[in-house]
Amino acid sequence: MSDLDNLEQVVEKNPQEKYLSDYRPSDYTVATIDLEFDLYDTQTSIKAVSQIQRVANKPVPLFLFGEDLTLVSILVNNQNHTDYELVEGGLVLNDLPDTFTLEINTKVDPAENKAFEGLYKSGDAFCTQCEAEGFRRITYYLDRPDILAKFSTKVIADKGLYPFLLSNGNQVDQGDLENGRHFVSWVDPFPKPAYLFALVAGDFDCLEDNYITKSGRDVKLALYVDKGNLDKTKHAMLSLKNSMQWDEQRFNLEYDLDIYMIVAVDFFNMGAMENKGLNIFNSKFVLANSQSATDQDYLGIEAVIGHEYFHNWTGNRITCRDWFQLSLKEGLTVFRDQEFSSDLGSRSVNRIANVMTMRDHQFAEDAGPMSHPIRPESVMEMNNFYTLTVYEKGSEVIRMLHTLLGEEKFQQGMQLYVERHDGQAVTCDDFVAAMQDASGIDLTLFKRWYSQSGTPQVFVTDHYDQASQTYQLTFKQKTAPTADQSKKLPLHIPIDIELLDSNGNAITLSEGKTNRVLSLTQKEQTFVFENVSAQPVPCLFRSFSAPVKYQYAYSDEQLLDIMSFASDEFSRWDAGQTLFSKYLVNNVKALQLGKPLSLPSIFIDGFKSVLVSENLDPALVSDMFTFTSETGARELFDVVDIEAIHEAREFMLQEIATQLNELFVDTYLRHQQLKAYEPNIEDIAKRKLKNLALAFIARVDKELANDYVLSQIASCNNMTDHLGALSAANSGLLACREEVMQAFDDKWFDNGLVMDKWFALQASMPSADVLEHIEALFEHRSFDFNNPNRLRSLVGVFAQNNAYHFHNINGAGYAFLTDQIIKLNSQNPQVASRLITPLIQFKRLDKKRIELIKSQLNRLLALPDLAVDLYEKVTKALAQ
Ligand code: TRP
Ligand code: ZN
């Protein structure tokens, strides 16, 4: 037993990097694993019986991963096996036959598990989270994604407390046992990696439905939620059915099991998990009705339900060979969920939202200490690589393939990928090979996107020659060195362009089309356009055709032309963003030189015409007035001046609000809706613009805004408008702020998900004493430090979205966040490691702030039990 005691004491010292280049196939394979769980709060027993075969051609020991487990017994072919060794991170078995049955009995403590990885309790229910490496917290196993086995699971628990016992696949047996206990047995016919295993036990309300697949199979759909929440399940079920239908129509992919289950839980580290046939969701991405959920919640639910459903093919049927390949499933599945949302809703609005995420957050990750390619080459803690780079930039890379191949060839590539690799664990190279083979397009150079990190910059110049009627566009690309990679090579960058003539009409370029996708493959390249009768305005990177920063010396007039005439709505929005950024940079410089701030009338007039135009989608108008955040604006500067960026940006917004106030009032009044609430795209767009207008009014006409807020709250029939009013009161610090916040609290205090919106508003209050408010709210009746959603709403929103106050030069924000991370370190390192982001991306800040932040990071580094997750980020940040 002394080995076991040793394992308990293993502290994580000097964690090691693991390398993609070290990948080796496993020496052993697992054909089947039969699990039996005897569920008790503090002592759950797990019996795991596997059929194992050695594939290595000589006898080698078998290493099984295991963490935080109590080992009870090991049997090989039903005989007690004693030739084993417990080592850090697992178990080594010696003296094994070529093929054998391995039985391992372990015990775990779900009630004590606050990391929410492995088997844990969310409220009264048992549930699991195994991705990426959580299965090793359930039993000793070959917990790597290239080990595919057939799973069967028997779950035993108290029948009164846990009437529902769920696992992957189809239910095959059930029955009553002694002492008020019962069991249910499940068999999953599809071999799968351990990270897709799931178990749930609890008492739920259940919404049932069914879906007939295109080949005519009847699939049972079941949605499990905490009791009393059945009235909030309709939208999630509708989204699931829409996902199933969309994947058949657009990707020709059909569901494969007879049942699809979704369980909503309140304690969950991420958004949701695609476990085979049994998705487990953060309840935030399931529960919605008009009273408790906003339009954004409805859209988020649709996207995440879609995302997890689409994983059934891109992730589950075809999975990753190793975790360095994570973007194989995540980038592709994000691309698929973005396309789903775009096909069902507004393509432009979705595109703009995705690009905002890239520019406001992913670019910063690429420029920071955790910079990595979408296929990382080395990893310390896998949980740290569920990143914006792997997910969002990964999706942009798939989107570039789609742009280069076109829908038809892209879909042929998908079909070939599925044909070749169904049932396998494969690599990003395999995916690109299928795309190349199906399309006949050479993707050799394109593959660099998988191995090179950093945000490329593209510098664009042009030349028009009247005499020859030719127009030239010259592109230079450059990627700056990143924390992980000093040398950068040219990438294959698709540039979708359109040229506008002096009347704002798009010039026909080739094959009767007004756009053309240029392939920039060299460091510098020039493209020539013939028969151009006058200097055109180039509209570049239409639809954000590549995840790059680009520069062209646009005049204000040219940008206004694009804003009014570009055929691509994204380009119109982007021109507005470029114009805003240009004057933001000018005004920051003015502040630094002690000169007066200014915004020319051409700017105001340009945006005025957006606000008055009758034929624009109100959602697009609203996005045109949603300018880069202070965090996103940092990308415009080599040295970030926190105060100047804040002041300059506030000045500009204040100018816009003042000069267009009458129009905002008019817009606000024109978009009132008194009909029944419906989360359809037209109504969502109107509510979005109306509430945006209200926020602008609240900047300058406080009394009028106060009246509007009060009457909107009194008369509205939905959460979007209630929160829109509250948000304007909060951001405008209106007289009614206290009163309306308190009333909301009194009404919703026992609904954690709704209170998350309230905590987020508190955390983003634009007031110098916001931190004191936040600290006081830790005692609020609705706050729960152990709930990741609550924590993100209060602490995460402050650090991420209230950048100006978080970065207060007194250092209090840094110290506060570090205090919270220290509290979380031993309990939930995964969540701690996500919250730390604003403390590690400091390279471009001023010296004083860098010193303050470093001293906080050193506090963390001095902890005796610093989790690997944090160790990896803190050491990389301090090495900058
Ligand atoms: N695969 C999940 C998704 O993309 C992500 C996920 C859910 C996850 N829970 C996790 C990743 C826990 C790491 C740890 O939908
Ligand atoms: Zn995913």
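Ligands are counted one by one from 1 in listed order, and the atoms in each one are counted from 1 as well.
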Check your understanding: Parallel under 30°, tilted from 30 to 60°, perpendicular over 60°: which one fits the rings of Phe385 and His372?
Key -> perpendicular
Check your understanding: Between Thr333 (side chain) and Lys329 (backbone), is there a donor-acceptor pair under 3.5 Å?
Key -> yes
**Study point:** Nitrogen or oxygen atoms of Tyr386 and ligand 1 under 3.5 Å apart
**Key:** no
Point to revise | Atom indices of ligand 1 within 4.0 angstrom of Gln129 heavy atoms, with elements | key: 9 (N), 10 (C), 12 (C)
Exercise for review: Measuring from the Zn ion (ligand 2), name the closest N, O or S atom belonging to Glu330.
Suggested key: OE1
Check your understanding: Can you find a non-hydrogen atom of His311 under 4.0 Å from ligand 1?
Key -> yes
**Study point:** salt bridge (Lys or Arg N to Asp or Glu O under 4.0 Å) against Asp41, all qualifying residues, sequence neighbours excluded
**Key:** Lys121
Point to revise | Under-4.0 Å heavy-atom contact with ligand 1, by part of Met270 that carries it | key: side chain
Check your understanding: Under 4.0 angstrom from ligand 1, any heavy atom of Met382?
Key -> no
**Study point:** Angular separation of His311 NE2 and His307 NE2 about the Zn ion (ligand 2), given to 10°
**Key:** 100°
**Study point:** Phe63 and Phe65 aromatic ring geometry - parallel, tilted or perpendicular at 30°/60° bounds
**Key:** perpendicular
Revision key, fill the gap. Atom 4 (O) of ligand 1: closest protein heavy atom, distance to 0.1 Å, is Tyr391 OH, 2.7 Å
Review point. What class does the angle between the rings of Tyr391 and His307 fall in, given that below 30° is parallel, 30 to 60° is tilted and above 60° is perpendicular?
Key: parallel
Review point. Does atom CD of Glu112 have more than 12 heavy-atom neighbours, drawn from other residues, nucleotides or ligands, at distances under 6.0 Å?
Key: no
Check your understanding: For ligand 1, does Asn383 get within less than 4.0 Å through its side chain, its backbone, both, or neither, judged by non-hydrogen atoms?
Key -> side chain
**Study point:** Geometric N/O contact Glu274 with ligand 1, under 3.5 angstrom
**Key:** yes
Check your understanding: Considering distance alone, does some N or O of Ala272 sit under 3.5 Å from an N or O of ligand 1?
Key -> yes
**Study point:** For Lys329, the ligand 1 atoms whose distance to one of its heavy atoms is below 4.0 Å
**Key:** 1 (N)
Check your understanding: Does any N or O atom in Gln830 lie less than 3.5 angstrom from one in ligand 1, N or O only?
Key -> no
Exercise for review: Could you tell me whether Tyr195 and Trp323 have their ring centroids closer than 6.0 angstrom?
Suggested key: yes
Practice item. Describe, in one word, how the ring planes of Phe197 and Phe37 are oriented to each other, choosing from parallel (under 30°), tilted (30 to 60°) and perpendicular (over 60°). Key: parallel
Check your understanding: Should Thr213 and Glu254 be marked as a side chain to side chain donor-acceptor pair (under 3.5 Å) after you check the CA-CA gap, both sets of side-chain angles, and the distance that decides it?
Key -> CA-CA 7 Å; Thr213 69; Glu254 188 177 335; 2.6 Å; yes
Point to revise | Residue, atom name and distance, where the atom is the protein heavy atom closest to atom 1 (N) of ligand 1 | key: Glu131 OE1, 2.5 Å
Exercise for review: Verify the ring-centre separation between Phe126 and Tyr162: is it less than 6.0 angstrom?
Suggested key: yes
Study note, to complete from the structure: Within 4.0 Å of some non-hydrogen atom of Met273, the atoms of ligand 1 are 1 (N), 2 (C), 7 (C)
Exercise for review: Note the single closest protein heavy atom to atom 15 (O) of ligand 1, along with its residue, its atom name and the distance in Å.
Suggested key: Glu308 OE2, 2.6 Å
